[in-house]
Amino acid sequence: MAQATADHGEHEATTTGLNHRKMLMWAFLGSDCMFFGSLIATYLVYKGRSLEGPLPIDVFSIPTTSVSTFVLLMSSMSMVLAYSALRRNRMKTFRVWLASTAIMGMTFLAFQVFEFRVFANHEVVVDCHAPIGELSIVELSVRNDKTVGCEATGHDEVEKQVGLTPKTNLFGSTFFTLTGFHGAHVTLGVIWLLTMFFLSFKKGMVTPERNLDLDLAALYWHFVDIVWIIIFTVVYLFGVFPGFA
Amino acid sequence: MASAVGAVGAAGHASTESGVWSWITTVDHKRIGILYGVSAILFFLLGGSEAFLIRMQLASADADLISSGVFSQLFTMHALTMVFLAIMPLGAAFFNFLIPLQIGARDVAFPRLNALSYWLFLFGAILLNSSFVFGGAPDAGWFAYANLTSSTYSPGDSMDYFTLGLLVLGISSLAAALNFVVTILNMRAPGMTLMRMPVFTWMALVVSFLLVFALPILTVGLIELLFWRFFDMPFFSAEFGGDPLLWQHIFWLFGHPEVYILILPAMGIVSEILPTFSRKPLFGYTAVVFAGVSIAFLGFAVWAHHMFTVGLGPVAIAAFSASTMLIAVPTGIKVFNWMGTIWGGSLDLRTPMLFAIGFIALFTIGGLSGVMHAAASSDAQQQDTYFIVAHIHYVLFGGAIVAVIGGIYYWFPKFSGHMYNETVGKINFWLMFLGMNLTFFPMHFLGLDGMPRRIYTYDANMGWDLWNGVATMGSLVLGLSFLIFIYNMVTSWLNGEPAEADPWDGRTLEWSIASPPPEYNFEEIPIVYDRDAWWAEKRGKVQHGVPVGGGSGEEEHSIHMPQPSYWPIVVSIGLIIASYGLVYNSGNFIVATIGLLVGIFGVYAWSFEPVNDPE
């Protein structure tokens with residue numbers, strides 16, 4: 001009963017029974033679905049149409065990204081625990097879980113920055129005796145390169161830095177735009193969570209009665225997580241596994 | 001009753017005040033509605049002047065009034081202005097003013113967000129138009145097809161004004177749409193079920209959902225265009241394997257729902273005017289509502305009919321042909337139900353009614369040529385000719401604008417508190433009707449005769465002089481009718497007779513309160529027992545309402561009014577500084593960052609602003 005009052009006590013009755021701000025957040029997330037949907041659609045339309053490398057298969061490291069994905073998913077769990085603690089008025093537990101959520105969000109962002117840097121400095125090492133059919137576009141172009149290629153140097157193995165940047169090819173443009181905007185969403189979420197964390201030390205700003213404030217942040221956070229699950233599957237996994245790539 | 005009014009006086013805040021500051025900080029939906037309306041009319045005059053210059057240039061063959069470059073800027077800005085700065089904000093003006101009144105609410109769900117929408121609209125509009133002064137306006141057509149918009153073919157800043165202007169206007173529209181979705185779903189008076197809502201409110205709900213789902217698509221397109229131009233990311237570059245057609249798909253996937261965003265509010269207005277002046281409830285209410293909803297759904301499935309001649313392949317063309325023709329079904333349902341409403345009614349042919357009937361006639365002509373374009377083989381002949389220009393002006397001028405002008409006349413007593421001049425109103429209508437047909441009907445002939453759109457002049461031997469001359473004469477008549485409209489509005493607002501609360505024996509709740517409505521709208525929240533709630537109440541179905549404060553007994557808390565706030569305009573100014581920074585400082589983001597910081601500061605200050613009104 002007490003929790004039911006906490007849910008509805010501070011706001012006037014609405015036609016649907018759903019709080020105005022919560023409905024606003026749901027409608028906004030619906031709009032954001034179309035936003036990410038369009039970015040993912042652009043990525044998929046251009047999938048396999050880049051004229052030069054590097055391609056997903058060259059740069060993605062599924063183990064690394066799996067770790068960051070796991071961290072982000074766990075942050076959703078700690079978000080739930082933070083919300084639950086706040087409703088039970090356990091402020092210390094609440095702060096611990098809220099801070100963990102923000103830290104996990106930042107960890108994810110750090111992984112993303114790391115990953116972007118690795119992609120931008122991508123290096124290709126080509127075995128000059130490998131059958132041509134087994135080489136990717138970018139390996140082929142390095143092998144035939146007029147200055148560092150196999151014929152030019154006469155080595156058994158040649159290497160060259162072929163970075164992936166947003167300007168490199170269609171894959172780079174669509175990939176960095178999509179994941180970059182997701183990263184921007186996570187950044188916004190982290191700022192939001194940290195703001196609530198620091199506000200919770202001010203009396204009366206974050207209270208069990210005002211749990212809706214956290215509820216909205218949590219809704220947003222979970223949404224951003226779900227979008228990442230789709231990106232991880234469609235971009236990363238489908239990008240490297242045979243049959244999809 | 002009297003004590004309730006007194007309590008409101010005590011608890012009321014700034015919007016009873018006057019002065020510029022009170023308008024800048026207002027969060028009152030009625031004032032924001034009026035701000036939207038007045039700004040949109042001004043931009044409408046600007047867009048009209050651009051059209052008039054275009055018509056002067058085309059009046060005769062081989063004219064050299066305007067250079068080809070300026071001509072391209074004019075037709076681009078004419079379309080952008082009419083679509084984004086006139087018709088959409090006129091719709092927003094009606095939404096703002098009417099929705100809370102029609103559903104029996106005190107204000108919208110998020111009053112400050114509403115103010116933000118307005119200021120972003122105004123500043124975005126100024127940003128877009130300031131390009132005329134700073135080195136040239138966008139000139140690649142309002143749809144800005146890729147390759148024309150690349151940094152090679154559009155060097156300079158003009159397309160950046162387009163991109164950033166539309167991004168800002170998009171944020172404004174999205175905020176407004178989210179606000180109206182919540183307001184309409186969540187703030188209805190007791191008893192007002194969805195199927196008892198006035199049709200105008202229904203169409204506003206549908207349009208808001210269309211905006212919520214269509215705008216992000218445009219946003220993504222604009223972001224890609226921006227990155228393409230700013231950072232050389234090869235989104236639409238064929239030499240990188242990119243496809244310029246992707247822009248067309250993205251643009252029209254937004255652009256076609258946009259067409260319904262423009263026309264559905266007009267259909268809602270007409271559905272309010274016709275029953276009132278026919279003295280009959282709307283014929284087939286349920287069918288009209290569901291036709292509106294299905295138009296919105298189908299609107300997302302027809303975009304490629306704008307691209308029939310780009311080579312989509314027979315399967316896609318057949319599918320989009322069929323889905324486009326399907327739209328004629330719900331549209332036809334609406335037209336027949338409007339006629340059913342008039343049929344057998346006791347008609348009162350006042351100015352708003354004339355506009356509403358004129359809307360049906362003109363929109364039907366535009367609808368018929370629309371079905372002609374749906375047949376792809378026929379469309380191949382019409383693509384990029386004046387036949388298309390005729391079609392869009394019959395649906396957007398003859399449809400949207402005529403209905404909106406009718407709506408302004410219909411609700412003029414409500415928002416101004418004065419009656420308009422009926423005789424001048426009727427002269428206004430007949431001149432507009434005549435001018436509209438004189439201007440746009442000949443374009444059908446020109447189009448079928450092969451005159452392409454967007455050419456700045458033509459050879460005398462083409463034989464296009466006659467109908468171009470007629471169209472230009474028509475645009476003079478049209479311009480005159482607008483001057484008469486402005487004259488009628490201004491003189492009536494200043495000197496018109498005071499309006500009664502309910503001059504038309506209206507059906508909906510906005511007519512149950514004084515003209516102009518008091519700041520707090522309703523003294524008592526009405527209880528709704530029927531579809532035409534106010535007719536039902538006047539015929540004795542309803543006895544009493546609920547006091548707005550919920551009957552707490554504390555008089556001074558009887559009606560909470562949202563406080564005025566200047567943070568919405570601060571946030572808007574921040575975003576505009578950021579936009580100008582992006583246009584001017586390619587590769588240097590200092591100004592943009594400053595603007596963004598101002599915006600972020602505004603958002604924080606907004607969040608912590610003490611509000612007496614729990615949003």
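Predicted model, so just to flag it, every value in this text is computed and none were measured. All chains are named by letter (A, B, ...) in the order of the sequence lines, taking the proteins before the strands, and each is independently numbered beginning at 1.
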- Query: Looking at side-chain heavy atoms only, is the closest gap between B:Leu167 and B:Thr219 below 4.5 Å?
  - Reply: yes
- Task: Specify which of B:Leu253, B:Leu218, B:Leu185 makes the most heavy-atom pairs with chain A at under 4.5 Å.
- Result: B:Leu185
- Task: Give, as side chain, backbone, both or neither, the part of B:Phe209 having an atom under 4.5 angstrom from any heavy atom of chain A.
- Result: neither
- Message: Check whether B:Phe235 forms a cation-pi arrangement with B:Arg229 (NZ or CZ under 6.0 Å from the six-membered ring centre, at most 45° off the ring normal).
- Response: no
- In terms of heavy-atom proximity below 4.5 Å to chain A, should B:Leu174 be classed as side chain, backbone, both, or neither? side chain
- Query: If you measure from CH2 on A:Trp26 to CG on A:Asp32, what distance do you get to the nearest 0.5 Å?
  - Reply: 13.0 Å
- Message: Heavy-atom cut-off 4.5 Å, strictly under: side chain, backbone, both or neither for B:Ile250 against chain A?
- Response: side chain
- Query: Looking at A:Ser31, A:Ser38, A:Gly30, A:Cys33, which one has more heavy-atom pairs under 4.5 Å with chain B than the rest?
  - Reply: A:Ser31
- Item | Aromatic ring proximity A:His182/A:Phe108, centre distance under 6.0 Å | yes
- Return yes if some donor-acceptor pair links the side-chain N/O of A:Thr15 with the main-chain N/O of B:Asn186 below 3.5 Å, else return no. yes
- Item | Residue B:Glu239 versus chain A: region with a heavy atom under 4.5 Å | backbone
- Item | Interchain contact, B:Phe227 with chain A, by part (heavy-atom threshold 4.5 Å) | side chain
- Which answer fits A:Leu199, side chain, backbone, both or neither, if we ask what part of it has an atom under 4.5 Å from a heavy atom of chain B? side chain
- Message: Report which part of A:Phe181 has an atom under 4.5 Å of a heavy atom belonging to chain B: side chain, backbone, both, or neither.
- Response: side chain
- Name the region of A:Thr174, side chain, backbone, both or neither, that has any atom closer than 4.5 Å to a heavy atom of chain B. both
- Task: Using the side-chain contact (heavy atoms from CB on, under 4.5 Å) rule, take B:Trp228 and B:Thr149 through it: C-alpha gap first, then chi angles, then the decisive distance, then the call.
- Result: CA-CA 10 Å; B:Trp228 186 41; B:Thr149 53; 3.5 Å; yes
- Item | chain B contact via A:Phe28 - side chain, backbone, both or neither, heavy atoms under 4.5 Å | both
- A:Phe197 versus A:Val206: any side-chain heavy-atom pair under 4.5 Å? no
- Message: With heavy-atom distances below 4.5 Å as the criterion, would you say the side chains of A:Phe176 and B:Phe231 are in contact?
- Response: no
- Message: Heavy-atom cut-off 4.5 Å, strictly under: side chain, backbone, both or neither for B:Leu211 against chain A?
- Response: neither
- Item | Pick from A:Thr177, A:Leu18, A:Thr168, A:Thr165 with the largest number of heavy-atom pairs that fall under 4.5 Å of chain B | A:Thr177
- Task: Taking all non-hydrogen atoms of both residues into account, name the closest pair between A:Gly17 and A:Thr14 and its distance.
- Result: N-OG1, 3.0 Å
